[in-house]
Amino acid sequence: MELETKYNIHPLLEKRWSPRAFSPKPVTEEDVNEIFSGASWAPSAMNEQPWQYVYALRGTSGFDTLWDCLATGNQPWTKNAAVLFVALQRNTYEKNGRLNKLAMHDVGMANAQLLLQAGAKDIYGHLMGGFENDKVIEVLNLDENVSPVCMGALGYLGNADSLEEPYRSREKAPRTRKSLEEFVRRL
Ligand SMILES: Cc1cc2nc3c(=O)[nH]c(=O)nc-3n(C[C@H](O)[C@H](O)[C@H](O)COP(=O)(O)O)c2cc1C
């Protein structure tokens with residue numbers, strides 16, 4: 001999809017978007033490991049690396065378990081994803097037990113790198129805040145020091161026309177961004 005950008009951005013950033021139509025082509029374990037390696041090289045406060053990921057490949061019971069945790073609005077289009085994952089944060093620093101107020105920020109950093117690493121392999125990711133938090137905690141048996149941040153779907157691009165409405169229209173809608181003037185100012 002063509003982006004209308006006033007300034008040039010790196011092709012990997014330009015290519016990244018959040019699709020809903022995924023191809024049946026599977027994503028291999030090797031690809032998944034490469035993608036999570038991309039995440040692991042994100043910066044983090046005190047190099048705490050507070051991110052944790054749980055993933056499952058389509059066609060496994062793990063996939064069904066994660067899919068069941070998604071909000072109903074995310075379930076129809078994620079059925080065809082090659083991979084579903086949950087991004088988790090460790091809430092305290094391992095070194096001193098103090099609350100890590102930047103944990104969610106750093107998981108976001110890791111997620112961004114994950115998406116770009118995937119994009120470099122023509123694999124696309126779609127993050128989701130629409131999921132049942134308590135269900136994730138229950139099915140993954142998380143202790144209170146670990147919290148779900150978001151879920152994600154990964155896969156090769158599929159055909160937008162294979163989607164049911166309203167997802168098909170959303171898939172084809174132009175992407176928009178605030179102008180720099182709206183969120184950047186020089187002092
Ligand atoms: C933390 C987070 C939560 C999101 N939650 C959802 C979601 O539950 N369902 C959905 O369809 N998209 C979700 N999105 C995708 C956004 O809607 C999407 O990133 C945004 O519209 C910009 O589009 P783009 O990623 O294609 O540039 C989420 C994205 C992020 C980063």
Side-chain angles (χ1 to χ4, degrees), residues 1-23 35-36 38-39 42 44 50-56 58 63 65-91 101-137 139 146-160 162-180 182-184:
M1 197 179 291
E2 282 294 301
L3 286 193
E4 281 193 28
T5 52
K6 190 168 168 190
Y7 298 97
N8 286 332
I9 58 170
H10 191 279
L12 257 186
L13 298 175
E14 197 169 353
K15 180 177 168 187
R16 189 214 62 77
W17 70 298
S18 303
R20 296 157 193 84
F22 291 107
S23 123
I35 289 167
F36 286 123
S44 62
W51 45 79
Q52 296 177 13
Y53 291 97
V54 178
Y55 79 92
R58 190 183 55 231
F63 186 97
T65 301
L66 295 185
W67 187 82
D68 273 339
C69 295
L70 287 168
T72 51
N74 287 325
Q75 286 183 330
W77 60 268
T78 46
K79 271 190 298 212
N80 298 319
V83 181
L84 284 179
F85 67 86
V86 186
L88 306 160
Q89 66 175 51
R90 190 188 144 90
N91 299 315
K101 287 189 283 186
L102 295 167
M104 192 179 286
H105 169 275
D106 290 347
V107 175
M109 300 281 303
N111 283 342
Q113 293 209 179
L114 174 163
L115 294 176
L116 296 177
Q117 182 69 40
K121 303 175 68 64
D122 283 334
I123 294 168
Y124 289 76
H126 194 141
L127 299 176
M128 293 166 283
F131 67 92
E132 286 186 48
N133 199 66
D134 290 348
K135 211 170 194 175
V136 170
I137 292 171
V139 299
V146 177
S147 305
V149 174
C150 64
M151 292 185 66
L154 293 168
Y156 292 94
L157 276 191
N159 184 347
S162 66
L163 291 167
E164 57 193 79
E165 289 294 359
Y167 307 107
R168 190 186 315 147
S169 304
R170 285 183 198 162
E171 195 78 338
K172 294 179 173 182
R175 296 171 64 215
T176 57
R177 284 302 189 261
K178 292 178 182 173
S179 67
L180 254 56
E182 288 176 88
F183 70 97
V184 182

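Order of appearance sets the numbers: ligands from 1, and atoms from 1 within every ligand. Nothing here was measured: the structure is a model prediction, and the numbers come from that model.
Ring geometry, F36 versus Y55: the interplanar angle falls from 30° to 60°, so the pair is classed tilted. Note: F85 and Y53 have perpendicular aromatic rings, judged against thresholds of 30 and 60 degrees for the angle between ring planes.
No option in E132, M128, K135 other than M128 meets the side-chain contact (heavy atoms from CB on, under 4.5 Å) test with L70.
Residues G73 and W77 share a closest heavy-atom pair of O-NE1, 3.4 Å. In plain terms, the two heavy atoms of V107 and Q89 that are nearest each other are CG2-CB, 3.7 Å. The two residues N159 and A21 come nearest to each other via the heavy atoms O-CB, 3.5 Å.
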Does ligand 1 have any N/O atom under 3.5 Å from a protein N/O, and what are those pairs and their distances?
from     : atom 1 : to   : atom 2 : distance (Å)
ligand 1 : 5 (N)  : G129 : N      : 2.7
ligand 1 : 8 (O)  : N74  : ND2    : 3.0
ligand 1 : 8 (O)  : G129 : N      : 3.3
ligand 1 : 8 (O)  : G130 : N      : 3.0
ligand 1 : 9 (N)  : N74  : OD1    : 2.9
ligand 1 : 11 (O) : H126 : NE2    : 3.2
ligand 1 : 12 (N) : H126 : NE2    : 2.8
ligand 1 : 14 (N) : L127 : O      : 3.1
ligand 1 : 19 (O) : S18  : OG     : 3.4
ligand 1 : 25 (O) : R16  : NH1    : 3.0
ligand 1 : 25 (O) : R16  : NH2    : 3.2
ligand 1 : 25 (O) : S18  : OG     : 2.5
ligand 1 : 26 (O) : S18  : N      : 2.9
ligand 1 : 26 (O) : R175 : NE     : 3.3
ligand 1 : 27 (O) : R16  : NH2    : 2.9
ligand 1 : 27 (O) : R175 : NE     : 3.4
ligand 1 : 27 (O) : R175 : NH2    : 2.5
ligand 1 : 27 (O) : R177 : NH2    : 2.6

